[in-house]
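A, B, ... follow the sequence lines: proteins, then strands. Residue 1 opens every chain. Keep in mind that this is a model prediction, so the values were computed, not measured.
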There are 2 protein chains.
Amino acid sequence: MRTSHASIAAPSSDPEGTMETHSTPPGGHSVRTRSQHQRRKRIVQAAAALASRGGVEAMQMRTVAERAGVALGTLYRYFPSKMDLVVAVVGEELDLLESSIERRPPSAATPSSRAVDVLMRATRGLMREPELADALIRSLIMAEVQTPFGDRMTGLLLRVSADGLTIDQATEEQLDLAGSLASVWVQELLEMLRGRRTYDQIQRRIETASARLLADV
Amino acid sequence: MRTSHASIAAPSSDPEGTMETHSTPPGGHSVRTRSQHQRRKRIVQAAAALASRGGVEAMQMRTVAERAGVALGTLYRYFPSKMDLVVAVVGEELDLLESSIERRPPSAATPSSRAVDVLMRATRGLMREPELADALIRSLIMAEVQTPFGDRMTGLLLRVSADGLTIDQATEEQLDLAGSLASVWVQELLEMLRGRRTYDQIQRRIETASARLLADV
DNA sequence: ACAGAGATTAGAATGTGTTCTAGTTTGCCA
DNA sequence: TGGCAAACTAGAACACATTCTAATCTCTGT
């Protein structure tokens, strides 16, 4: 069977977290009991484990439910769609990157090279689990939700390149430039996962783009 | 039903058209009889028509087959997966853009603004059929194949900004820069389709990026 | 301790991409 | 003209995301 039956669709949006429905949605930003938290965590872990072996395809909802020890219905109560689950997995990855950056902030001299540092660090992190990375990035690009890889990475880039600048403080132009660099990175990563770029090529390209885009940020 | 059942998977690769299987694959680069050509065209048209109303979701393989007046099996003989069909539809769109550019080449003075011209022209073209655009771009980003929106657009940008330069003649750096600009554009387009950017924002962002990236190409 | 609300479960059902089967039609060539 | 290979067709079959159902469990307030 050469085929991929896997489906990637948009996650159930509700862009602004409005619309708190009748019942208590365990995934929502409402209070979560310890056991709910545990359950949610188990699910995400099971999902990540499956995805890192075999990508999204291996991460079948039935299988995830099974591995996490919950019923399919429960899985769907926590994550209304497969995309939502993928997004959650990505969140974890990004948390990892951010804490890595806190522990060991990029120390290069220019804004541009600090940005390169962050992006290449993220790249290496993702390369460790290529299947997972592939699944996550593809899925996220598709997602209707706030795309962590776009927005959070833009924020990170601003922070390291303009020394602590936050998204709210940045000028339009700074946002544009950091955002553009993030776009380039995402696309390059995708190309790498497709086998159409080597790590070195990515690095060169990121460096070139960063040097131009963040020259004077 | 708020859900999207639609599947977007990778198109059946065979990246270099190698592996000419036993039978004559109508999709391949082999000779095509007139009737096969007609049939293929009818299929792509039917697919595009469906996608422009309702996106990929509306473009169901059964429906496409029906509208094109072929059996489901035949559809799958021409396009081994839904992705392949989507890619074919995109090809048509890009042909359109390229011929538009031939008819009326961008006349701005600087390489950077000629590039902006091309990108914004493409943007407007895609905006005319947002559903179709959404379907196409999302799908293409996922595709394992040579991504038309990346590579062909990069080629186009080089051509207009460095006056007739082709991909083969370009230096690595030129390729990097034009490629990065194409990446930015693709991502911006996606954001627009998600409703997170206006046309004006895109234009500003493209202009900013282009000015930096293509300043001296 | 008990009632009621919400959470959970097992499993059936549905929808759509993809594959498979068996038979029919078409085009070509000896 | 007869026959064969490839193309085509209708439709069944299969896989997996998602939804639905009915029953059971768990907690919380009284």
Side-chain angles (χ1 to χ4, degrees), chain A residues 1-12 20-28 30-40 42-43 47 50 54-66 68-86 139 142, chain B residues 1-12 20-28 30-40 42-43 47 50 54-66 68-86 139 142:
Chain A
M1 210 196 314
R2 60 109 94 91
T3 340
S4 60
H5 286 282
S7 283
I8 294 296
S12 31
E20 275 287 318
T21 34
H22 37 75
S23 67
T24 310
S30 31
V31 270
R32 244 182 258 150
T33 72
R34 167 166 310 283
S35 82
Q36 277 178 337
H37 188 78
Q38 289 299 314
R39 203 177 294 255
R40 187 190 171 81
R42 273 217 317 284
I43 292 177
L50 285 168
V56 242
E57 331 220 333
M59 182 177 140
Q60 297 183 7
M61 294 305 263
R62 279 178 180 77
T63 319
V64 171
E66 203 178 306
V70 300
L72 188 56
T74 305
L75 171 52
Y76 270 94
R77 234 176 74 74
Y78 280 78
F79 301 96
S81 81
K82 184 167 180 172
M83 267 306 308
D84 291 279
L85 183 48
V86 171
S139 308
M142 302 296 286
Chain B
M1 210 195 314
R2 60 110 91 94
T3 340
S4 60
H5 287 282
S7 282
I8 293 297
S12 31
E20 276 287 318
T21 34
H22 38 73
S23 66
T24 309
S30 31
V31 267
R32 243 182 260 150
T33 72
R34 167 165 310 281
S35 81
Q36 277 179 336
H37 187 78
Q38 289 299 313
R39 204 177 294 256
R40 188 189 170 81
R42 270 217 319 284
I43 293 176
L50 286 167
V56 242
E57 329 218 334
M59 182 177 140
Q60 297 182 9
M61 296 303 264
R62 282 175 180 82
T63 318
V64 172
E66 201 179 307
V70 300
L72 188 55
T74 305
L75 171 52
Y76 270 93
R77 233 177 74 75
Y78 281 78
F79 302 96
S81 80
K82 185 168 179 171
M83 268 305 308
D84 290 278
L85 183 49
V86 172
S139 309
M142 304 295 287

Of the nucleotides [options], which has the atom closest to the [X] side chain?
| X | options | answer |
| --- | --- | --- |
| Tyr76(A) | dT19(D), dT18(C), dT9(C) | dT19(D) |
| Lys82(A) | dT9(D), dT18(D), dT19(C) | dT18(D) |
| Tyr78(A) | dT9(C), dT8(C), dA17(D) | dT8(C) |
| Val70(A) | dA17(D), dT9(C), dT9(D) | dT9(C) |
| Arg39(B) | dT9(C), dT9(D), dT8(C) | dT9(D) |

Check: [Y] and [X] side chains under 4.5 Å, non-hydrogen atoms:
| X | Y | result |
| --- | --- | --- |
| Gln60(B) | Leu50(B) | no |
| Lys82(B) | Val64(B) | no |
| Arg77(B) | Val70(B) | no |

Expressed in angstrom and rounded to an integer, what is the separation of [X] atom [atom1] from [N] atom [atom2]?
| X | N | atom1 | atom2 | value |
| --- | --- | --- | --- | --- |
| Met61(A) | dT18(D) | CE | P | 6 Å |
| Gln60(B) | dT18(C) | CD | C1' | 13 Å |
| Leu85(A) | dA17(D) | CG | C1' | 12 Å |

Closest-nucleotide 5' rank along DNA chain D - winner of Leu72(A) and Leu75(B): Leu75(B)
Below 4.0 Å: OP1/OP2 of dA7(D) and any side-chain N or O of Thr74(B): no
Side-chain N,O (Arg77(A)) to OP1/OP2 (dT8(C)) below 4.0 Å: yes
Residues Leu85(A), Leu75(A); criterion side chain to side chain contact (heavy atoms under 4.5 Å, CB included); working and verdict: CA-CA 9 Å; Leu85(A) 183 48; Leu75(A) 171 52; 4.3 Å; yes
